[in-house]
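Below is one structure, written out as structure tokens; the observations come after it.
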Protein chains: 4
Amino acid sequence: MTTPDQGDARTAPRTTKGTRTRARILRVAAEVFAEHGYHDASIVKITEAADVGQGTFYLYFSSKQEVFEEVVRDLNQQVRHAMFEASSAETDRIAAERAGFRAFFRFAAQNPALYRIVRQAEFVAPQMLRWHYERIAEGYVDGLRTAQARGELAPIDPEVLAWALMGIGEIVGMRWALWEDDAPGAEEDRPDGVPPLVFEATMRLIERALAPERTGARVGPADATVPTAGPASVPATQEEQP
Amino acid sequence: MTTPDQGDARTAPRTTKGTRTRARILRVAAEVFAEHGYHDASIVKITEAADVGQGTFYLYFSSKQEVFEEVVRDLNQQVRHAMFEASSAETDRIAAERAGFRAFFRFAAQNPALYRIVRQAEFVAPQMLRWHYERIAEGYVDGLRTAQARGELAPIDPEVLAWALMGIGEIVGMRWALWEDDAPGAEEDRPDGVPPLVFEATMRLIERALAPERTGARVGPADATVPTAGPASVPATQEEQP
Amino acid sequence: MTTPDQGDARTAPRTTKGTRTRARILRVAAEVFAEHGYHDASIVKITEAADVGQGTFYLYFSSKQEVFEEVVRDLNQQVRHAMFEASSAETDRIAAERAGFRAFFRFAAQNPALYRIVRQAEFVAPQMLRWHYERIAEGYVDGLRTAQARGELAPIDPEVLAWALMGIGEIVGMRWALWEDDAPGAEEDRPDGVPPLVFEATMRLIERALAPERTGARVGPADATVPTAGPASVPATQEEQP
Amino acid sequence: MTTPDQGDARTAPRTTKGTRTRARILRVAAEVFAEHGYHDASIVKITEAADVGQGTFYLYFSSKQEVFEEVVRDLNQQVRHAMFEASSAETDRIAAERAGFRAFFRFAAQNPALYRIVRQAEFVAPQMLRWHYERIAEGYVDGLRTAQARGELAPIDPEVLAWALMGIGEIVGMRWALWEDDAPGAEEDRPDGVPPLVFEATMRLIERALAPERTGARVGPADATVPTAGPASVPATQEEQP
DNA sequence: AATGAATGAGAGTTCATTCAT
DNA sequence: TATGAATGAACTCTCATTCAT
């Protein structure tokens, strides 16, 4: 699945000044959406924070919804980049998982906007919500499939595996990276984004789930492949949107 | 954690007719919130759908926000009830998990409002969002702890375990119970709420993660308990809100 | 041609108070449209003049355009009523024409809004503009046809005749009833809406045009009937909209 | 009445290129006004259609209103030119009328903008509306007066006569030249701008109205001259605006 | 208990116009 | 000569809430 249509986007800025203004509005919009939520993030709030006139907003974005979608695209790109960077440096699967999860938790801890914004897509731009998750899953599935081929991974359908792991990251991150912001242990104490014990427990759980059959046993066709309705199993074209 | 404050709730209805009216508004409100989202679910839409005057709404609820919170409470109660009913009938932990997940997926498939409404709580009533998840986790943690005491479960911190499992259910349910609505296999083909292969793959993953150490070994204090910042570890008082 | 669709009109008021409020808004809207023109007649201006809140406007009209169309319908009904009343009292055709024109000019002199509003329909509600003229023409054609059958009228296609006469009334009225408002001779001096000499000249012109052939002569097929593309030749159902 | 003030017109272009740019904007503006109406014809629409920057517009016109007025002046000049050309070639009055009406209808059929733009002047530039009609009437009155002096015309006040004839042309043209655009008979079938039967009927009506008293009789001062409040009776200075 | 009329602040969006380049 | 970035007042319309009946 590629980036959804961008609709009636205004023409791109033609001068350097224009480019900077557009970028400033986009950045500020993400902050305002994260702080107030989509509906209470008025154009006035955004333009005031960006220190431009209201009309200037419409020079670069055709609507509030459009800027929201671009913000989601942006975040998606960032989080995927962070995870990809981290995990691709590792060689064995388990190490890659640790690195990937750590990267995700850290990103979540440092960008609370991730949760606060993506969640709102449900009603604001439903297709974006789905696109966001499927985009992350895509890249994941590939890695899992490769590891399975090498026998490094339990023979569980990689599609389900990818989504399940994403679910773990999502909720654990919400609970201990997002909500725990106000917690005692400050950021410097959490090199993994979440408290060390939580990180370790999470990883142990994942390692157990992913570990290939220890006793040679467990042969056979494992399980059939899950049929998917969407384009989720398309090979990931990581980083195509720089 | 107990039910959050209910604010300036209107006086309870005194007549049978009033009770019915209130119930009708509540039921309809859930539908309207699920269909349009909180912000686009106007009081007019709700009262028209409930076939009462606008003023009548304020006879029973003090604000739009209040009725939303009550809807969330209601859904939370329902989903916990469904899962509790199903899993408490089982004796061993793994069977209980299967039953619990199945119940959750089925509930999700039949009540899309669960996702569509709870997600919105993020900005509408943030404390409700947290309360909802913690409430579900609570009951879970108890069961896990007991199972661990009996050696039925791997010695992973039950708090983390509970949230991780919740995350799996959440995302897999979203992907295959909620989104797959438009999928080929109709409801009667999915006794588990999600396609059979997905259910089996999910359960296999969970079983592997939860299975106690096979090699007798693995003694000792396992891992320390994760410190929690919230009231999440309070023993569950299931069903206190009838 | 019947009244064009009324679109998404709000539900009619259900109480006496509501009925009065709606009527007040409608009356005031006509004044404001006449004074400022459609585009400069803001909802704020209308509601302030009607002494109601802005929201109240939308209780009874679904948009500015809708209230405009209703105003046009109203004016059309009034002017047709005035002309019909006056001319139907007369027996011979020429007398009826005098009475009809006099009624029209007087109406125009006393309701400058007629011109100022109808003209704007061109871009605001094009179908209303056409409907307005066709509606007036309709009634006219019938009367002419009857008079022709009785030999009271020159055998000119009544459809063309009707529109041509309407054109005369329109422009002469604009020139001497509308624009001459600021003229020396005040209203009491113009029992015909326009200055006496103008009225007489206009009528002499019309009488000459309509008079049947004086010399018995003039035989033959007169002229063929003009083909019309619209429903303009449908018999008038005068006054169906009281 | 001479051309109304032209306000704060920008300095005339000094280069050939500038002259062309200005002309292009003017031409395009007429099209855009005709298509969208004054209020919906934004400067952006005009400048985009003319393929110039927004700022360029203000190099040649000081405001939207100003360009509108110039467009009206232009149209007025064109329509008068067309009518003058046609009728001045004829010698007797009736032939001149036929030629003038034919020219007008043809112009209207080929320049729908005539109606669509002039009508809007009512609120945009009221003095222009009056000026437009008076300008056309002027030339007319002269011709009529001359014809009357020669006994070719019924002794009806020429001022009233001129406006009445203009009204006939206006409405018949609107009905059968403008609206009938979508009609069966295509343009090549209407050498007179309107369907032949309509043209003949209209002309017969006019001939009857204008024909001088057949019985030599008709003595006396005919009718007095209508007093006019405006400058409408000023002799026409045809074509002073090249 | 029930209603619908009334409100007005505030939302998103447009656009004629200015100005630095 | 030509441009496009920038503006902000003003627009239409919505909606949670109040209140008299």
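Just the heavy atoms: all of them, side chains too, but no hydrogens, waters or symmetry mates, feed the values below. Chain letters run A, B, ... following the sequence lines, proteins first and then strands; every chain starts at 1.
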Rounded distance in Å - [atom1] ([X]) to [atom2] ([N]):
| X | N | atom1 | atom2 | value |
| --- | --- | --- | --- | --- |
| L59(D) | dG4(F) | CG | C1' | 14 Å |
| E48(B) | dC15(F) | CD | P | 12 Å |
| F57(D) | dA5(F) | CZ | P | 19 Å |
| D51(C) | dA6(E) | CG | C1' | 12 Å |
| Y58(C) | dT7(E) | OH | C1' | 14 Å |
| R22(D) | dA2(F) | CZ | P | 13 Å |
| I46(D) | dT17(E) | CD1 | P | 11 Å |

* To do: Answer yes or no: side-chain N or O of Q54(B) and base N or O of dT17(F) forming a donor-acceptor pair under 3.5 Å.
  =>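 Counting by modelled atom types and ignoring angles, a donor-acceptor contact under 3.5 Å is found here.
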* Closest contact, heavy atoms only, M128(A) versus E69(A) -> CE-O, 3.6 Å
* Asked: Among all residues two or more places apart in sequence or in another chain, which pass the side chain to side chain contact (heavy atoms under 4.5 Å, CB included) test with T15(A)?
  -> K17(A)
Hey, is the side chain of [X] poking within less than 4.0 Å of OP1 or OP2 on [N], counting only N and O atoms?
| X | N | answer |
| --- | --- | --- |
| T56(A) | dT7(F) | yes |
| T21(B) | dA1(E) | no |
| K64(A) | dG12(E) | yes |
| T15(D) | dT1(F) | no |
| Y60(B) | dA2(E) | yes |

* **Strand contacts (DNA chain E) in residues 31-42 of chain B, 4.0 angstrom heavy-atom criterion** =>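 Result for residues 31-42 of chain B: none.
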* Asked: Of all the choices, dA2(E), dT13(E), dA2(F), which nucleotide is nearest to the side chain of K17(B) once you look at every atom?
  ->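 The closest nucleotide is dA2(E).
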* Asked: So which one's nearest nucleotide on DNA chain E is more toward 5', K45(D) or G53(C)?
  -> G53(C)
* Residue closer to the 5' end of DNA chain E, V44(A) versus S63(D) (nearest nucleotide) ->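 In this pair, the answer is V44(A).
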* To do: Scan I43(C) against the nucleic acid and name what it touches under 4.0 Å (heavy atoms): base, sugar-phosphate only, or nothing.
  =>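 Sugar-phosphate: the residue I43(C), judged by heavy atoms under 4.0 Å, touches backbone atoms but no base.
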* Structure fact -> Output field dot_bracket for DNA chain F (Watson-Crick or G-U, both distances under 3.5 Å, | for other-strand pairs) contains .||||||||||||||||||||
* Take the angle between the ring planes of F68(A) and Y38(A) and call it parallel below 30°, perpendicular above 60°, tilted in between. =>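 The arrangement is perpendicular - the two ring planes meet at more than 60°.
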